[in-house]
Structures are given as structure tokens and as C-alpha cells.
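The structure appears right after this line, and notes come after that.
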Amino acid sequence: MTILEAASALRKKELSSLDLTVESLNRIARQNPKLNAFLTVLDEQARLRANQTDKERSDGIDRGPLHGIPIAVKDVFYMRGIRTTGGSKLFADFVPDFDAAVVERLQAAGAVIVGKTGLHELAFGVTSNNPHFGAVRNPWNLERIPGGSSGGSGSAVGAHLVFMATGNDTGGSVRVPASYCGTVGLKPTFGRISRYGILPLDFSLDHAGILTRTVRDTAVTLNVLAGHDSRDDTCSPEGVEDYSIPPEVSIRDVRIGWPESLNSEEVDVEVAQSITRMVRVAERLGARLVPISLPDRDAINAVHRVILHSEVSALMQPHLGQRDKFSSDLLALLQQGCLLSATDYVNAQRLRRLMMREWSEACAQVDCVITPTTPIAAPRIGKSTVLVGGEERDLRLATTNLVRAANLLGLPAISIPCGFNREGLPLGLQITGKPFEEGRILRIAAALEDATDFHRRLPPILS
Amino acid sequence: MRDWKLMAKALGLDISEQEIDRLKPALDSLEAAFRPLTAEIPGEVEPALIFRCLLEEKE
């Protein structure tokens with residue numbers, strides 16, 4: 001069942017929010033010992049909230065499609081009175097005294113928050129193999145990572161424990177778990193969703209995002225979360241549209257940019273085949289494929305890394321003396337940032353501006369760009385290198401190779417399921433749009449979703 | 001390539017030589033990808049950072 005189907009059943013009084021919430025809590029109780037997707041389960045609070053929303057509905061109040069729907073938030077979003085760890089020992093006992101803007105909006109929309117999801121340590125990594133809180137596991141294969149950093153959210157949505165979970169995305173942290181767990185994952189334009197009350201990782205690359213099972217569910221969630229917030233200096237006053245997607249959506253004459261630079265060495269063969277099949281589906285639906293030449297990806301990723309490492313290290317500098325609070329892998333990343341110069345950081349921010357101009361020129365004749373989200377399917381837990389195109393590569397760099405550009409340039413990007421490999425692991429396709437054109441990429445994604453059935457398949461953990 | 005050990009020492013960072021050895025491949029590859037880009041930045045390009053004087057004053 002999707003958010004929209006559940007919302008319809010709630011409106012027709014075929015189900016109550018308490019029914020949905022109890023089912024969600026029961027599933028968490030059954031599956032979380034295997035998946036470790038949740039760090040905190042808010043059992044009593046969720047039941048109370050569900051009863052409240054049922055009462056509201058019987059009083060004639062309808063707060064929209066999320067009213068009474070059980071959801072989860074990544075454990076970087078502040079909830080008043082609820083521990084928010086960031087997946088780190090540093091914040092293991094941190095209890096905020098206010099709600100994040102995203103939490104405020106979800107609660108105002110009547111959503112029932114059933115728990116807080118696990119993540120990579122400090123949201124800085126792609127495996128969610130957390131040394132302090134344990135490895136989060138992939139519902140399609142428990143020996144595989146769910147991706148990261150929002151691995152708990154990907155695992156929880158992929159395993160149908162909740163209808164939606166929030167994530168945050170600094171270098172692919174919503175889209176990578178979406179790709180590995182067979183869900184939809186949206187990272188909107190920088191500034192589209194308020195970051196107020198999100199445990200920060202990086203000042204200029206962090207974005208809040210959404211994971212759901214269908215594109216239409218992401219669209220109705222974005223309707224709730226998008227909009228200006230004066231408490232977040234980076235939040236945009238740009239107008240918000242209605243992102244809802246009609247039952248029939250056309251992509252006739254949509255111009256899809258296809259990067260000429262994408263070659264077989266960068267992407268696993270099965271991933272490349274699944275993307276090609278999806279592009280053919282788009283063409284059958286009337287879209288036009290336009291070859292484009294994007295700015296050099298290695299250069300984009302290098303600039304992203306200089307900014308990321310510098311900003312994270314600056315943010316974490318007061319804590320660096322507490323070495324026992326960090327895993328050795330994370331400490332190494334923070335130390336790298338300390339060794340970059342201020343000149344390099346400023347030049348990276350100048351190159352960012354140049355790259356945005358280049359990207360904009362390259363995409364002037366297209367409506368979106370399609371690439372794989374990740375070049376491979378979910379790797380095994382514990383791996384630090386992976387084989388891509390027959391070459392052994394660093395897992396973190398390989399996994400994020402195709403997703404960092406949208407963070408550096410602040411562009412909206414969505415990952416949708418686009419197939420499965422021979423081992424039955426899901427694969428993801430990324431659609432990147434122009435600033436504040438979330439509506440357009442959501443419609444394109446919905447048309448592709450309507451034409452395929454990948455989002456309807458269930459992971460083995462549910463059989 | 002930069003001498004990361006000397007840099008760490010000059011900056012007074014609490015990073016051991018063994019730790020630098022572990023960081024070196026990642027730092028060297030980043031340096032190799034990033035350094036050539038900096039030579040091509042036109043002088044008029046400002047960093048993508050904003051300081052809003054009025055807003056700061058109000059806070």
C-alpha cells in the first residue's frame with residue numbers, strides 16, 4: 001500500500017490511523033532485529049498520535065494525504081525530547097528541546113512519526129555500517145549494505161516498515177540508499193526544504209530529502225515540506241508549486257539529456273543495461289533523447305570533496321580531540337579536511353560557480369539529465385572496495401561518483417527503481433533537473449514508474 | 001605532491017606520521033584532480049559564499 005492508497009482508505013473509513021500505526025509498529029518489532037533500521041521506536045507516542053488523528057478525522061478535520069500515515073525520520077532531525085544521535089558517539093545522549101522544521105511540518109500535516117532511523121556515523125559515508133550502533137542491513141539481502149548515509153530510512157521504506165522516511169543528502173545520502181534499497185529518493189534543490197533543526201554535516205552541501213515507495217508519494221510529501229523558513233538562512237523564498245501528480249502523466253516531447261561521457265568503465269554492465277532499457281521506455285512514451293556533454297565529472301567530484309572535507313572538518317574541529325568518539329575511518333576523513341588550505345577551499349567555491357555555469361549551458365537544450373544513481377548494486381557489508389567495469393575502486397568514491405554533482409550545484413535529483421541484477425538486488429536511475437524544477441522531474445519519474453513494475457516487487461524479507 | 005607530514009606539523013595538527021601515511025593516497029589523488037583546476041579560474045569569479053550585511057546586522 002502507498003501513502004495515497006492509505007490516505008484514500010482513511011478517508012473512506014476503511015482503516016484507521018491506529019490500524020496503520022499498529023501494523024507499522026508490529027512490522028518494526030518483527031523486522032528491526034534483522035535490519036537494524038531504527039535507532040529509536042516511539043511506540044507509545046505513535047499510538048497516542050494515531051488516536052489523535054483518528055479523532056480529528058471523526059471531527060471532520062482532514063490535514064491532507066499524510067494525515068494519520070506512519071512515517072519515520074532519520075536520526076539527524078531534531079525532535080523535542082527525543083534523543084538525536086546523528087549516528088555518532090558524540091551525540092549519543094543529545095536530546096534537543098525543539099523540533100526540526102521538517103518535523104514541525106510533518107506533524108502539522110498529521111503524520112504519525114513511529115521512530116528515528118539509523119545512519120552512517122555522522123551522516124558522513126555510504127555504508128551505514130555504524131561502529132557505534134551496528135550495521136544497518138538491506139531488506140533485499142541482509143548481507144548487503146543499504147547505502148548511506150540515510151541507510152535506516154532506505155531499509156525501513158524498502159522493507160515496508162513505514163510509508164515514508166526523511167533523509168539528508170550531502171553527497172548522495174538520500175539517492176544512494178534509494179538505489180540500493182529499491183525505493184524512490186528525492187534530493188530537492190538547495191534551499192527548497194528548510195534545514196532548521198537538522199544536525200549539520202556540511203554548511204553548503206547538506207539538503208533534506210524524502211524516501212518513499214512511489215514517486216507520487218514523494219510528490220505529496222514534498223507538498224508538505226517545501227517552502228521558505230526564515231530560521232534557515234539558506235532556505236529559498238522561491239515560490240512553491242503543487243507537486244501532486246495526476247493519474248495520467250505524459251512525457252511526450254520531453255527532452256532527456258544523455259551524457260556522452262558516461263562510459264562502460266564507470267558503470268556495471270547490468271546497471272548500464274537497465275538504464276538503457278529505461279531510456280527506451282522513455283522514448284516509447286514520446287520523450288526525446290539528446291546527447292549532451294556535461295562538465296568533467298572527476299573535476300566536479302574533486303571540487304565537491306574539497307568543500308565537503310573542509311566544511312565538515314571546520315564543523316567538527318571542537319570535537320577532534322575526542323578521538324575515542326570517532327571511528328578510525330571517520331577520523332581519517334576529518335583529518336583530510338584539516339590538511340586542506342583556506343586557499344583551496346575558496347578556490348573550490350569559485351570553481352563551483354564556474355561549474356554551475358558550464359552545467360547550465362550544457363543543459364540549455366534539455367529538460368533533465370538521466371544517469372544511473374549508483375554504478376553498482378548494493379555491495380556486501382564490510383567491503384571497502386568494489387569492482388566497477390572490471391576495475392577495483394574505493395567503495396565510497398565509486399558509489400558517489402554520479403550523485404555528487406547535484407549536491408555541488410544544488411540541483412534537484414530523484415532516484416527511482418529501474419531494474420534488478422541477476423542476484424535480485426535493485427538498481428536505481430537518477431533524473432537530475434534544473435533549479436526548482438522538482439515538479440518536472442517528479443512527472444518524468446512518475447511516467448517511467450507507471451510504465452514499469454519495479455516499484456511493486458517485494459523484497460525477500462517480506463515473503 | 002605536497003608533503004602532508006610537513007603540513008600537519010606546520011599547522012600544529014594532532015595527526016601522527018602513521019596516520020598521515022594512511023591519508024596520503026586519498027590526499028594525493030584529490031590534489032592531483034583538484035590542483036590543475038585552480039590554474040584556470042578567471043580572476044573575476046567570486047566564491048559561492050554570501051555575507052549579507054543587513055541580515056547579519058539584524059541578528
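Chain A is the first sequence line, chain B the second, and so forth, proteins listed ahead of strands; every chain is numbered from 1.
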Fill in the blank from the handout: Counting heavy-atom pairs under 4.5 Å with chain A, the top scorer among B/Ile20, B/Asp14, B/Leu11 is B/Asp14
Completion exercise
Heaviest contributor of heavy-atom pairs below 4.5 Å to chain B, chosen from A/Asp296, A/Ile307, A/Asp344, A/Asn347, is A/Asp344
Problem - Interface moiety of B/Pro42 toward chain A, non-hydrogen atoms closer than 4.5 Å - result: both
Problem - A/Ser204 side chain reached by B/Leu49 side chain, heavy atoms, under 4.5 Å - result: no
Problem - With sequence neighbours excluded, residues passing side-chain contact (heavy atoms from CB on, under 4.5 Å) with A/Met355 - result: A/Ala299, A/Ile300, A/Val303, A/Leu408, A/Leu409, B/Leu37
Practice task
Check B/Glu46 against A/Arg353 and note the closest heavy-atom contact, atom names and distance.
Solution key: O-NH1, 3.2 Å
Handout entry: Those residues of residues 321-333 of chain A, ordered by number, that approach chain B below 4.5 Å (heavy atom to heavy atom)
Key = A/Arg323, A/Ser328, A/Asp329, A/Leu331, A/Ala332
Fill in the blank from the handout: Answer key: most heavy-atom pairs under 4.5 Å with chain B among A/Arg352, A/Met356, A/Arg357, A/Gln336 is A/Gln336
Problem - ring-ring contact (aromatic ring centres under 6.0 Å, His included) involving A/Phe98 - partner list, sequence neighbours excluded - result: A/Tyr78, A/Tyr196
Practice task
Output the option from A/Leu351, A/Asp298, A/Leu320 having the highest count of non-hydrogen pairs under 4.5 Å with chain B.
Solution key: A/Leu351
Problem - With A/Pro372 via side-chain contact (heavy atoms from CB on, under 4.5 Å) - residues at least two apart - result: A/Leu262, A/Val267, A/Val271, A/Ile275, A/Leu402
Handout entry: Proximity breakdown for A/Leu340 and chain B, heavy-atom pairs closer than 4.5 Å
Key = side chain
Handout entry: From CD (A/Gln335) to CD1 (B/Ile15), nearest 0.5 Å
Key = 4.5 Å
Problem - Which portion of A/Tyr345 sits near chain B, non-hydrogen atoms under 4.5 angstrom - result: side chain
Problem - Partner chain A: residue of B/Leu27, B/Val45, B/Leu13 with the largest heavy-atom pair count (under 4.5 Å) - result: B/Val45
Handout entry: N/O donor-acceptor pair under 3.5 Å between A/Arg305 side chain and B/Leu30 backbone
Key = no
Handout entry: Short side-chain to backbone donor-acceptor contact, B/Arg2 and A/Leu339, under 3.5 Å
Key = no
Exercise for the section: Let me see the working for B/Met7 and A/Cys338 under side-chain contact (heavy atoms from CB on, under 4.5 Å), right down to the final yes or no. Expected result: CA-CA 10 Å; B/Met7 284 184 68; A/Cys338 294; over 6 Å; no
Practice task
Pick whichever of B/Ser29, B/Ala26, B/Pro47 has the most heavy-atom pairs under 4.5 Å with chain A.
Solution key: B/Pro47
